[in-house]
Each structure stands twice: as C-alpha cells, then as structure tokens.
Amino acid sequence: MAQDLLGCVVSRQRVSGLIVETEAYHEIEPASHAYVGRTARSGTLFGPPGFAYIYRSYGIHTMLNLVCEPEGSAAGVLIRALEPRSGLPRMRERRGRVGDHDLCSGPGKLAQALGILMSDNGRDLRVGPVLVRPRPAGWTPGPVAVGPRVGITKAVDLPWRFALAGHPDVSRPRPRGAG
DNA sequence: CATGGGATTGACT
DNA sequence: GTCAATCCCATGC
C-alpha cells in the first residue's frame with residue numbers, strides 16, 4: 001500500500017499535493033503505535049481501512065496516516081512528502097518563508113501546508129475534509145527509492161520507506177536503495 | 001497522579 | 001553537526 005500510494009493526491013479544501021514519499025507501519029513491529037495493542041491514541045489504526053490516523057509528534061507536528069488492513073488489524077501508511085499541486089499561495093501563507101520544494105518535504109510540513117488538524121483524525125479519506133484520490137490519469141511512477149524509516153529507534157532495519165527516486169520534494173535524508 | 005519520551009522541524013554553530 | 005520547542009499519551013507506582 002505504501003508503494004501504491006505514491007502518485008495519489010491528498011487534498012484539503014482546495015489545497016492539494018501528489019504523494020512522493022511514504023512509510024509503512026504495522027502492529028507486528030515495535031516502531032508502530034499499535035505494537036502495544038489498542039490505546040486511546042492508536043484506536044483508529046485498528047478501525048476500517050481508508051480512514052485518517054492523525055497524531056501529534058514531539059508536541060508540535062501533526063502526522064497524517066492512511067489506515068490499512070481490515071478492521072481489527074492495525075497498519076497504516078505515513079504520508080511523508082508531497083509535490084505541491086494546487087493552492088500554493090495558501091501553502092506559502094501557512095508555511096512562511098520557505099522555498100516551494102520545502103512546502104511539503106516532510107510529514108509535519110505537509111500537514112501544516114494543508115491545514116490538517118487533530119480533529120481530522122478518524123475521518124473517512126474518501127469523504128473528507130482530508131481526501132485521498134487516485135493517481136492522475138496518465139501518471140505513471142518512475143523508479144522508487146527504498147530505505148529504512150526515519151526518526152525511529154525500534155525496528156530500524158526494516159526497509160519500509162518509499163519515495164520517487166530523485167524527486168525534489170522528498171524529505172532528507174533521501175533514501176538511496178533501488179526499488 | 002507523576003514521569004518520560006517521541007513516526008520532527010528550524011535555528012544556529 | 002547541535003539543540004530546543006512542547007502536546008499527547010503510555011507506563012508505572
């Protein structure tokens with residue numbers, strides 16, 4: 001799912017971007033919020049697929065995940081970077097004085113650029129306010145870079161990070177592995 | 001109820 | 001390269 005989401009489009013109220021980087025998380029591995037079982041925070045991860053799992057990181061940043069796997073099984077894809085597609089003026093207002101390639105080049109950045117809120121947690125991503133739509137017509141993925149996930153201390157060896165190789169909007173450090 | 005630690009970022013050296 | 005910011009929640013007593 002994390003690979004298949006590359007090229008899909010995330011939007012919120014006329015601000016949108018194309019997914020260029022993702023990470024996969026699953027209850028079977030200790031980096032997942034669901035590893036210890038269902039808690040107040042991770043509840044939506046155990047719900048049906050296609051919903052938004054949103055949480056706050058480091059007290060500051062908002063993270064957007066797409067819930068995967070049937071109800072009862074907890075897995076999700078962290079959306080880590082977008083190529084800005086529409087609503088760039090609104091993104092620039094929210095993000096301040098940064099270059100366009102840094103508007104959405106990280107999970108906290110894209111959430112800020114799109115105005116994603118904690119209250120968007122648990123909403124259906126086919127209904128909104130946060131939407132995930134299929135790849136644009138005619139869009140085909142180029143080479144995919146694969147590597148270990150960023151910013152975690154457990155299960156650091158799993159190569160579950162995926163990005164469009166060489167894309168300028170991918171977060172640092174860039175994954176290097178061949179897909 | 002108290003404590004501790006992040007699926008990060010931006011400013012600074 | 002270092003480091004602080006600082007919310008939410010898991011854990012343990």
Side-chain angles (χ1 to χ4, degrees), chain A residues 1-6 8 10 12 15 17 19-47 49 51-69 73-84 91-123 125 130 132 144-164 167-177:
Chain A
M1 271 305 298
Q3 293 191 67
D4 289 347
L5 280 166
L6 295 174
C8 295
V10 180
R12 191 180 193 282
V15 179
I19 299 173
V20 298
E21 180 186 353
T22 59
E23 283 177 359
Y25 288 87
H26 195 283
E27 61 176 323
I28 61 170
E29 45 89 15
S32 170
H33 290 170
Y35 184 66
V36 297
R38 185 193 290 256
T39 65
R41 176 175 61 167
S42 67
T44 59
L45 276 176
F46 289 82
F51 282 63
Y53 170 51
I54 295 170
Y55 66 93
R56 183 149 335 264
S57 178
Y58 293 94
I60 307 171
H61 306 293
T62 305
M63 303 284 130
L64 171 65
N65 296 250
L66 183 143
V67 175
C68 300
E69 300 210 345
S73 176
V77 174
L78 173 66
I79 310 301
R80 284 194 57 90
L82 305 175
E83 173 189 291
M91 288 187 183
R92 295 187 190 107
E93 285 175 19
R94 289 171 170 150
R95 292 276 301 127
R97 253 182 106 76
V98 301
D100 284 0
H101 289 310
D102 280 323
L103 288 173
C104 299
S105 60
K109 297 176 184 179
L110 73 88
Q112 184 183 23
L114 267 58
I116 289 172
L117 306 170
M118 284 297 294
S119 56
D120 294 325
N121 181 49
R123 305 291 296 272
L125 290 168
V130 181
V132 175
V144 174
V146 180
R149 296 171 293 180
V150 180
I152 55 172
T153 57
K154 301 164 193 163
V156 293
D157 48 317
L158 288 176
W160 285 5
R161 182 187 183 203
F162 307 92
L164 298 181
H167 195 287
D169 297 306
V170 172
S171 70
R172 264 46 90 85
R174 299 271 209 11
R176 311 171 38 135

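In what follows, every chain begins at residue 1, and chains take the letters A, B, ... in the order their sequences are listed.
- Taking every side-chain heavy atom of A/Val36 into account, C/dA10 is the closest of B/dA7, C/dA10, B/dT8.
- Not one side-chain nitrogen or oxygen of A/Arg97 sits closer than 4.0 Å to the OP1 or OP2 atom of B/dG10.
- Atom OH in A/Tyr55 sits roughly 6 Å away from atom P in B/dT8 (whole-Å rounding).
- A/Leu78 has its CG atom 11 Å from the C1' atom of B/dT8, to the nearest Å.
- Between A/Ser105 and A/Lys154, the one whose closest nucleotide on DNA chain B sits nearer the 5' end is A/Lys154.
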Would you please test A/Tyr53 and A/Phe51 for ring-ring contact (aromatic ring centres under 6.0 Å, His included) and show each step?
CA-CA 7 Å; A/Tyr53 170 51; A/Phe51 282 63; over 10 Å; no

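- Following rounding to the nearest Å, A/Arg56 (CZ) and B/dT9 (P) show an atom-to-atom distance of 13 Å.
- Less than 4.0 Å separates DNA chain B from at least one heavy atom of each of the following residues of residues 107-118 of chain A: A/Pro107, A/Gly108, A/Lys109.
- A/Asn65 places no side-chain N or O within donor-acceptor distance of the main-chain N or O of A/Gly76, the cut-off being under 3.5 Å.
- The side chain of A/His33 contributes an N or O atom lying less than 4.0 Å from OP1 or OP2 of B/dA7.
- An aromatic stacking contact links A/Tyr25 with the base of B/dA7, defined here by ring centres under 5.5 Å apart and ring planes under 30° from parallel.
- Distance from the side chain of A/His61 is smallest for B/dT8 among the nucleotides C/dC9, B/dT8, B/dA7.
- No side-chain N or O of A/Arg80 forms a donor-acceptor pair with one of A/Thr22 less than 3.5 Å apart.
- If you measure from atom CG of A/Leu45 to atom P of C/dC9, you get 13 Å, rounded to the nearest angstrom.
- The nearest whole Å value for the distance from the CZ atom in A/Arg149 to the C1' atom in B/dG6 is 14 Å.
- With a cut-off of 3.5 Å on both pairing distances, the Watson-Crick or G-U wobble partner of B/dT3 is C/dA10.
- Taking each heavy atom of A/Ala74 and A/Ala34 in turn, the nearest pair found is CB-CB, 3.4 Å.
- Within the nucleic acid shown, A/Ala31 comes within 4.0 Å of at least one base atom, counting heavy atoms only.
- From A/Leu78, atom CG reaches atom CH2 of A/Trp160 across 13.5 Å, with rounding to the nearest 0.5 Å.
- Residue pairs meeting the salt bridge (charged side-chain N to carboxylate O under 4.0 Å, His left out) criterion with at least one member in residues 29-42 of chain A, sequence neighbours excluded: A/Glu29-A/Arg149.
- Going from atom CG of A/Asn65 over to atom C1' of B/dT8 covers 14 Å, rounded to whole Å.
- Phosphate proximity of C/dC9 to A/Thr39: absent, as no side-chain N or O sits under 4.0 Å from OP1 or OP2.
- Taking atom CD1 of residue A/Ile54 and atom P of nucleotide C/dC8, one finds them 13 Å apart after rounding to whole Å.
- Distance check: A/Ile116 CD1 to A/His61 NE2 gives 14.5 Å after rounding to the nearest 0.5 Å.
- OP1 or OP2 of B/dT9 has not a single side-chain nitrogen or oxygen of A/Arg172 nearer than 4.0 Å.
- In this structure, A/Glu29 places its CD atom 11 Å from P of B/dA7, rounding to the nearest Å.
- When heavy atoms are screened at a 4.0 angstrom cut-off, A/Ile60 is found touching base atoms of the nucleic acid.
- The nearest pair of heavy atoms linking A/Pro49 to A/Glu69 is CD-O, 3.4 Å.
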